[in-house]
Amino acid sequence: VTHKFEVDGEANVCIRSSSANPKFPQLFGLRVETNVHDLASKKASHSGDEASADVHLSQMELEMQRIQNGMRTIINQADFAKTRDAEFHIQTKHMHEASMWW
């Protein structure tokens, strides 16, 4: 599995095997590669201030995109929770009405 991170920082990786258990654990190996040459070549292709401005702007654009994606995910999760809560409320109301007749 290969994943390319758009911004620098920490990352959490979860690896799970459905066949692993306490009696038969499974070992996993990870290889992490960093590619700092892309950023260096991008800086070298431009001149001085222009290069740092382009790199800074692209990092800001990536960060804004990451924030927008995070906000979209939060809103989708909130909508899902609201729908589940409404369904639970209706189910509880129906169960209460049904139990009144017993």
Side-chain angles (χ1 to χ4, degrees):
V1 176
T2 302
H3 181 74
K4 180 179 180 181
F5 291 95
E6 300 296 330
V7 294
D8 292 338
E10 294 182 11
N12 294 325
V13 178
C14 178
I15 299 172
R16 179 176 176 255
S17 171
S18 58
S19 62
N21 62 47
K23 289 185 179 180
F24 301 105
Q26 291 187 345
L27 298 177
F28 292 93
L30 298 177
R31 182 179 62 191
V32 178
E33 296 178 1
T34 58
N35 194 352
V36 295
H37 301 295
D38 289 344
L39 186 58
S41 64
K42 186 183 276 189
K43 283 182 181 179
S45 66
H46 296 332
S47 62
D49 293 336
E50 184 181 327
S52 63
D54 286 346
V55 170
H56 181 68
L57 184 59
S58 65
Q59 288 175 348
M60 287 178 58
E61 290 169 343
L62 289 172
E63 187 67 17
M64 284 299 297
Q65 185 178 22
R66 187 188 67 77
I67 291 170
Q68 288 173 343
N69 289 342
M71 289 301 296
R72 193 175 305 115
T73 300
I74 291 169
I75 290 170
N76 289 341
Q77 288 176 347
D79 288 342
F80 178 71
K82 185 172 90 174
T83 302
R84 282 187 65 191
D85 187 48
E87 291 170 356
F88 177 75
H89 177 70
I90 291 169
Q91 181 183 15
T92 304
K93 183 179 174 184
H94 289 174
M95 288 172 54
H96 178 68
E97 290 171 355
S99 67
M100 299 271 295
W101 295 102
W102 284 94

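How far CZ of F88 is from NZ of K93: 14.5 Å, rounded to the nearest 0.5 Å. Note that the CE atom of M71 and the CE atom of M64 stand 10.5 Å from one another [nearest 0.5 Å].
Applying the under-4.5 Å side-chain rule to Ile, Leu, Val, Met, Phe, Trp and Tyr, the cluster around I75 consists of that residue alone. Hydrophobic cluster membership of V13, counting Ile, Leu, Val, Met, Phe, Trp and Tyr whose side-chain heavy atoms lie under 4.5 Å apart directly or via other members: I15, F28, L30.
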Give the intermediate values and the outcome of side chain to side chain contact (heavy atoms under 4.5 Å, CB included) for residues Q65 and E61.
-> CA-CA 6 Å; Q65 185 178 22; E61 290 169 343; over 6 Å; no
Output, in order, the C-alpha distance, side-chain angles, deciding distance and verdict of side chain to side chain contact (heavy atoms under 4.5 Å, CB included) for R66 and L62.
-> CA-CA 6 Å; R66 187 188 67 77; L62 289 172; over 6 Å; no
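For residues 14-28, the pairs satisfying side-chain hydrogen bond (donor to acceptor under 3.5 Å, both in side chains) are S17-S19, S17-Q26, S19-Q26, with sequence neighbours left out. Pairs of residues two or more places apart, or lying in two chains, that qualify as side-chain hydrogen bond (donor to acceptor under 3.5 Å, both in side chains) and include a residue from residues 71-86 are N69-R72.
Partners of H89 by side chain to side chain contact (heavy atoms under 4.5 Å, CB included), not counting sequence neighbours: none found.
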